[in-house]
Amino acid sequence: MIKKIAILTSGGDAPGMNTVIKAAVNVALNENLETFVVKEGYLGLYNNKIEKVSKEDVKDIDVKSGTFIFTKRFPEFDNDKNRQQAVDNLNSRGIDALIVIGGDGSFRGANKLSQMGIKTIGIPGTIDGDIAFNDLTVGYLTALDTIVESIDKVKDTITSHGRIAVIEVMGKGCGLLALSAAIANDIDVLSIPEKKISEDEIISKVEKVLKNGQNQVTVLVTELMYDVNKLAKKIEEKTKKVTRATILGHTQRGGKPVPFERINAYKLGSFAVSELLKGKTGITVSVLNNKLISTPFEKTVNNKLKISEDLFNTYKLMKGNKN
Ligand code: F6P
């Protein structure tokens, strides 16, 4: 039976991470577990930045964005010696269980910790939504909310001027955020990693939209696919219409978690502790088809999220043969 538990956040921060922490801390303390947080993710675990936490410490964090226990990117955690140092730090305090909130990179580290004897559970926390066997990663819903609101605003101005907008959103190889926003914002031309189209195809779709009588056009793409400033220039040269690129960037990671984000976070944080109390380890917890489930780390990290075909089809049907 576990007696001491620690929680850390790793990788990019995401709205709702704090809510998960509050949920896990409260449930752990209700179950009389001694409860700790690790500051600065795996780097902090390596540097022994481990602190005891009380309900009072997490009382007001659930509605705040970011992660109040901080996060860092620490690829050096892949190194066996560094991980052993982290395990030694946990063992020296008698901490036998760890919750890792992060993305698939974080779960690879968590999997190794589990193999080294620490009971470890992962919770999907990333705005990208790109974790297999899950409906909603913590952070995705709020990021989508921010994106949709931002694109509404960009559309206000391009409509006023009769311009073309090329908008880039995050996703790190996953088009879920862009595809969802394409539906919510009625985007004219979309390119995502899962259905990539060439720059020339983008341009000819833009031309088709203009030919169909629209005076403004929105193009939405996932990051890391194109140089959007160069693409905007190319579109402008070809169409002779003013074209501006907007990179939404880190605005997408901020903002108070939206209500359903909080509910999802509470579900996952409390479920993770109850799974640990049952002796489970080496798993991610997630909501799939509206049910809380556990999946072995190996399965989670070796599979890519498959974006629902229904979502693609909704976008395609909405566009018809307009572009
Ligand atoms: O994984 C979340 C994410 O925001 C990605 O969408 C993006 O590619 C990456 O993190 C950016 O990371 P950083 O803030 O370290 O530049």
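The first residue of the sequence shown is numbered 1, and numbering continues consecutively from there. Order of appearance sets the numbers: ligands from 1, and atoms from 1 within every ligand. A quick note: this is a predicted structure, and the numbers were derived from the prediction, not measured.
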Task: Shortest reach to atom 11 (C) of ligand 1 by a heavy atom, considering only K72, K172, R253 - done: R253
Task: Option whose closest heavy atom lies nearest to atom 6 (O) of ligand 1, chosen from D128, L224, D130 - done: D128
TODO: Would you check whether Q252 reaches within less than 4.0 Å of ligand 1, judged by its heavy atoms?
DONE: no
Task: contact_flag G171 ligand 1 heavy-atom lt 4.0 Å - done: yes
Open item on the list: Checking a contact table here: which protein heavy atom is nearest atom 12 (O) of ligand 1, and how many Å away?
Closed with: R73 NH2, 2.9 Å
When you check the gap from the basic side-chain N to the acidic O, do [X] and [Y] get nearer than 4.0 Å?
X	Y	result
K233	E236	no
D152	K155	no
D78	K112	yes

Give the numbers and elements of all ligand 1 atoms closer than 4.0 Å to a heavy atom of [X].
X	answer
M170	4 (O), 6 (O)
E223	5 (C), 6 (O), 7 (C), 8 (O)
H250	13 (P), 14 (O), 16 (O)
T126	1 (O)

- [ ] From the options L136, D135, N134, select the one residue that forms a side chain to side chain contact (heavy atoms under 4.5 Å, CB included) with L288.
- [x] D135
TODO: For the pair F74 and Y46, name the ring-plane relationship: parallel under 30°, tilted 30 to 60°, perpendicular over 60°.
DONE: tilted
TODO: Treating Ile, Leu, Val, Met, Phe, Trp and Tyr as nodes and any side-chain heavy-atom pair under 4.5 angstrom as an edge, say whether M318 and L176 lie in one connected cluster.
DONE: yes
Task: Nearest heavy atoms of V100 and L98, plus distance in Å - done: CG2-CD2, 3.8 Å
